[in-house]
Every structure is written in structure tokens, then in C-alpha cells.
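Report on the structure given below.
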2 protein chains.
Amino acid sequence: MTDFNEYFKSAFTVDNVIFGFDEGDLKVLLMKRGEEPYKDKFALPGYFVNPNEDLDAAAKRVLEQLTGLRNVFLEQVKTFGTVDRHPAGRVITIAYFSLIKISHFTLQPASIAESVQWRSISEVRGLSFDHDEILSACFDRLKWLVRTRPVGFELLPRKFTLTELQHLYEAILETKLDKRNFRKKILSMDLLIDLDETQEGVAHRPARLYQFDRNKYEQFLSEGFSFELKENKKKNKKGKEESVA
Amino acid sequence: MTDFNEYFKSAFTVDNVIFGFDEGDLKVLLMKRGEEPYKDKFALPGYFVNPNEDLDAAAKRVLEQLTGLRNVFLEQVKTFGTVDRHPAGRVITIAYFSLIKISHFTLQPASIAESVQWRSISEVRGLSFDHDEILSACFDRLKWLVRTRPVGFELLPRKFTLTELQHLYEAILETKLDKRNFRKKILSMDLLIDLDETQEGVAHRPARLYQFDRNKYEQFLSEGFSFELKENKKKNKKGKEESVA
DNA sequence: AGGAATAGTGTAAAATATACACTAGGCTCC
DNA sequence: GGAGCCTAGTGTATATTTTACACTATTCCT
């Protein structure tokens, strides 16, 4: 008979790739670890899953401890379990990613971390454990998701302009989009509420403000609808447009 | 200081949804469990991950023990970790799915199972643990994948007819496809080798045989190409077509 | 009033997706 | 060996979607 006890000596953690969008740039929340291993190094926010805690609950807990936010977009992505990925023993980690409105809160250093900070996704490298790999898997997932479901709005303030929305998509998809086609497509989906307000305090023509229509979206979902977005086919030569017709 | 030992009392398993295609029907490989819990009940093939074994390796091992097959399509899907999903303690499971050519082998009952058998996906219900849920997550993934990457071929014999391929897609997507449009689309992808052979031993006009061109596919991949398939938009009223022009 | 800066807008051409029915070819059985 | 059975195989016109592309409008600032 097999000795099952040998199997019950592992642990698992959740790691959370928290995306935010600010100043036209896609950012990730990192924490400086307060504990060994990798003390004082940067890592994705994460911690052990408690013995009587569901995985999703653990991911939520980590997120809340760090940001104070509840009810944000959070989804499981992939599990990483290489034998020697953790120095303390066999520890596999379930990676989650979440999307938050960066402007909605100020960071609160939690017990699990010495400090937390936002970093541009393009600059992040050299994280602890296998977190570089985890980040990249989550980023790929975000890229896919953003074309498939209107989750972009989770990253923007409640009121936003179409240009902001476009910049968000461009940051995530790492491509340039055509302004006219983008607006046409987005508006044709009929998921935005035109607030009949405009930006204030900008030194140029102020843009209209929109809001995501969550109700209509849920209605569409229940009717079986699919959201899709494609990038330009021609490699984008940014800036240039037609030369006088 | 936290007592980390408390965390190292968990185990994890891999569970594998093994898809096959036979007689126009999408099938799943199930095993009758030889051990408690759920002894003599049906479950997805799976087992504990050994302490010094990577997750992917464990999934491969389970698959090979059961089918004798190596080098088949195998991909991680999702991790299930509800606190009380396993009676023996805290056991989370990493779900994988694989695609195999059902005709390529005969089943070999392994030590981990009393018996194994193929079941039509539409008939499977009431599996052990949370395996119904796992199966459904993997089926959803397959549906998505089949529209995104040409993985259908993994489920067919090396030589197949276009009608067989169409039936496979119909079984997976649970929809009817238009014969002419399907053929046009598939052939236009230029991923099939026309073998210049025909079926034998059929009581009607024999169909041409094709083979998947893996080399060309890999070439396309490296050039950044995307495979896509869509179902009919009009709900399919099967059988009916134009009334004499 | 002029300049700077971004918002906002339309159309024609190309590519893709869709709907749809009959002919072709091999087999079988009288 | 012809009739009938069965599935293979094929083309076109229309609708929809995607793409490329440049200038005018509005506000602020000086």
C-alpha cells in the first residue's frame, strides 16, 4: 500500500499580478519582500494559502491586504510548480491577475511586504522566484482577454475619454490603433454611456467623457455575444497618415 | 514569527481530461478508481504529483501509464482547490487536457485504475470529486483552442478526409458547419497535404485523403500567423438548403 | 487674434463571411 | 449492366467587416 503521507508535505501559494494603468502606461504592482527567501528583493504580491482557505479567497485576501480593494477583477491564470522553484521546500504557486483602477486608492504597505510600488511593465525584470515567467504568462492572458471581453474599463476611472481608452488598448496590445476605426468599433458595440460632459482643466479642446455600461454588457452576455478587437494589419508606422490628397 | 510548517501539509494531484474522437463523437477517457476514496466510481485519470516531480511531468506520467502514449498534445488548464474537495485532506488538483488519436492504441488498464474506458462527452455525468466541473472547464478550453490553433488534427488519424475533419469540428463546437464554406476555409489555410489517395472499402464514392502539414504550420507560427474558425451565424436548421434555383 | 494642442469625423476599396443546390463517382444489388 | 444509393465535391453572388486615410472643430493660452 502506498504511503500517502509522503504526499502531504507540500505547500502552495498564490501570486497576484496586479495591473494598473496610469500616464498612458501599463503598470504592475510589486512588493519588496520582508521575509526570506529573497528578502528585500522585488516580487509579485503573494503568500501562502491557508489550510482552510479556498484558492480564490487567498488571492482576494492578498489583494485586499495590499490595496484595501475588494470586488475587483481577479482571475486565475496558471499554476507554476517546478520542483525547485522555492528554496523552502515543495511549493507550487497559483498565479492570478487582477485589474484595478490605479487612481482609486493609495497603497498601503502591508505586513507581508516592506514596501509596494507600481512599475511600468516594460521595466520589470529580475523578480524573485519564477515571477518573471509568471508575469509574462499573465500579461499574455491580459492581451488575449482584452480582445475578447471588455475588461479594459476595469483599469480606467469611471469616467474616461475615448482617447484614454485607446491609449489603454495600445499599451496592452503593444501596438498602434487607428483612431477613427477604433472609435467606430468601440461605439458600435454600444457599451458606452455618453455622459454629455467634457474634460476640465486641459489646455486644448476638451474631450467627451464616457462611462462603461455594465448593465448593457451583462444583458449582451446573457444573450450570447462576443466582444472582439483586432489590431491594424499593416505594421504601424506611427504618426504618419495620408499625405495631402 | 509565522510557523511555516503549518503550510507544508498539503498535497496536489494532476487530473487529465483525455479527449479522443471516434465514430463522429467526441469522447473522454475515464477510469474506474481502484482506491479509496470513491473506489469503483468513475473519475478523470489523475494521481498525486511526486515530491520531486514537475507538474507537467506528472501529467505526462499519468497519461503514459494509462495509454502508453508519449509526445501527445498536453496542456495545463486550471487548478481546482476548494478546501474540502478531497476527503483525505487538503489536496488541490491541476487539470490538464490532452488530445490523442483514439485509433492509435488499445487501452492498458494501469495500476492506478481498475479499468479505463471511453465515454461520449455528452453522456458523462456524476464523476468523483469535482471532476464534472474540471471536465467542463477543459471542454471549454478545447472549444476555444480549436478555433485558435489547428489542434484538431491531433484527434484524427494521420490520413483523414475533409468530411471527417468537419465532423470533428462540429462535435467539438457543438454546431453544424456549412460544407462548402468549411472546405474553402480549411483549404485556403494551406495546412493540408493532399495525399492523392482515396478511401477504401466504403460503399459510396470514396473521399480524398489529406494529412496535416506540421512543417508548414510551424513555419506559419514563426511568421506570426493566426488560425481562426467561426461557426455559422444563422442558427442551423440542418438538412435544408436552397429550393431549386 | 493667432498659435498650440487634441478632439472629432466619413467614405471608398478590399477582404472576408455567408447563403445556398446540384453534379460526380463509386458501390451494390437486382 | 443499369438503377438506385450514398457521400464527395464544387462556385457564385451578396452582405458584412475591415481597412486606409486627412482634414475641420473646439478650447486654452498668450
Side-chain angles (χ1 to χ4, degrees), chain A residues 23-24 147 159-167 169-170 173 175-190 192 194-210 225-245, chain B residues 23-24 147 159-167 169-170 173 175-190 192 194-210 225-245:
Chain A
E23 295 164 10
R147 287 164 171 280
K159 301 175 178 187
F160 52 84
T161 69
L162 291 182
T163 301
E164 282 163 0
L165 186 62
Q166 182 178 343
H167 287 336
Y169 275 93
E170 290 177 342
L173 299 174
T175 186
K176 278 254 155 204
L177 298 167
D178 178 272
K179 182 158 71 160
R180 280 177 286 196
N181 294 339
F182 179 80
R183 290 157 109 93
K184 216 185 310 171
K185 179 112 194 190
I186 289 289
L187 292 175
S188 76
M189 286 174 186
D190 201 23
L192 294 188
D194 183 338
L195 292 171
D196 236 325
E197 291 175 59
T198 51
Q199 283 178 306
E200 274 170 33
V202 288
H204 53 77
R205 173 173 177 184
R208 294 185 88 73
L209 292 170
Y210 291 85
F225 128 105
S226 114
F227 177 92
E228 211 165 299
L229 251 178
K230 303 195 175 158
E231 67 189 80
N232 278 0
K233 277 198 180 152
K234 275 208 182 172
K235 300 290 175 201
N236 239 309
K237 29 170 195 182
K238 61 176 157 183
K240 251 182 281 175
E241 260 190 291
E242 331 66 331
S243 51
V244 189
Chain B
E23 294 165 11
R147 287 165 171 280
K159 301 175 178 187
F160 51 85
T161 70
L162 291 181
T163 302
E164 282 164 359
L165 186 62
Q166 181 178 344
H167 288 336
Y169 275 92
E170 289 177 342
L173 298 174
T175 186
K176 278 254 154 202
L177 298 168
D178 179 272
K179 182 158 72 161
R180 278 176 288 196
N181 293 339
F182 179 81
R183 285 163 180 251
K184 216 185 309 172
K185 178 110 193 192
I186 290 288
L187 291 175
S188 77
M189 286 173 185
D190 201 22
L192 295 188
D194 182 338
L195 292 171
D196 236 327
E197 292 175 58
T198 51
Q199 283 178 306
E200 275 170 32
V202 288
H204 53 78
R205 173 174 176 181
R208 293 186 88 74
L209 292 170
Y210 291 85
F225 129 105
S226 113
F227 177 93
E228 212 165 297
L229 250 177
K230 302 194 175 158
E231 68 189 81
N232 278 0
K233 274 194 181 155
K234 274 208 182 171
K235 300 292 176 200
N236 238 310
K237 33 173 193 177
K238 61 177 157 181
K240 249 180 282 176
E241 263 193 288
E242 331 71 326
S243 51
V244 189

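Chain naming here is simple, since letters A, B, ... match the order of the sequence lines and numbering starts at 1 in each. Source: prediction; values computed, not measured.
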| note | Taken to the nearest 0.5 Å, the spacing of B:Asp178 CG from B:Lys185 NZ works out to 13.0 Å
| request: Using the test side chain to side chain donor-acceptor pair (under 3.5 Å), find all partners of A:Gln166 that sit at least two apart in sequence or belong to another chain. | output: A:Glu170
| A:Thr163 near the nucleic acid: base, sugar-phosphate alone, or nothing, with a heavy-atom cut-off under 4.0 Å? | sugar-phosphate
| task | Find the distance B:Leu177:CG to C:dA19:P and express it as a whole number of Å. | result | 12 Å
| said: What contact category does B:Arg183 fall into here, base, sugar-phosphate, or nothing, at under 4.0 angstrom with non-hydrogen atoms? | reply: base
| message | Going by the rule ring pair (Phe, Tyr, Trp, His ring centres under 6.0 Å), which residues pair with A:Phe160 if we only count those two or more places apart in sequence or in a different chain? | response | A:Phe153
| request: Check the distance between D:dG9's C1' and B:Arg180's CZ and give it to me in whole angstrom. | output: 10 Å
| query | To the nearest 0.5 Å, what is the distance between CZ (A:Phe182) and NE2 (A:His167)? | reply | 10.0 Å
| Spacing of A:Ile186 atom CD1 relative to C:dG8 atom P, expressed in whole Å | 14 Å
| query | In Å and rounded to the nearest 0.5 Å, what is the CG to CG distance from A:Leu187 to A:Asp194? | reply | 8.5 Å
| field | Any residue meeting side chain to side chain donor-acceptor pair (under 3.5 Å) with B:Lys159, in chain and number order, not counting sequence neighbours | value | B:Glu197
| Side-chain N or O of B:Lys179 less than 4.0 angstrom from OP1 or OP2 on D:dT10? | no
| query | Heavy atoms under 4.0 Å, any strand shown: does A:Thr161 hit a base, just sugar-phosphate, or nothing? | reply | nothing
| task | Return yes if the base of C:dT18 and the side-chain atoms of B:Lys184 contain a donor-acceptor N/O pair under 3.5 Å, otherwise no. | result | yes
| field | Nucleotide C:dA17, atom C1' - distance to CG of B:Asn181 in whole Å | value | 7 Å
| field | Set of side chain to side chain donor-acceptor pair (under 3.5 Å) partners for B:Arg183, sequence neighbours left out | value | B:Thr163
| query | Could you give the CZ-to-P distance, from B:Phe182 to D:dG9, as a whole number of Å? | reply | 13 Å
| query | Within this structure, what is the CG-to-P distance between A:Asp178 and D:dT19, rounded to whole angstrom? | reply | 10 Å
| said: Output the rounded distance in Å from CG (B:Leu187) to P (D:dT10). | reply: 8 Å
| Euclidean distance, atom NZ of residue B:Lys176 to atom P of C:dT18 [Å, nearest integer] | 17 Å
| said: Generate the contact string for nucleotides 25-30 of chain D. Rules: B means base contact, S means sugar-phosphate contact only, - means no protein heavy atom under 4.0 Å. | reply: BBBS--
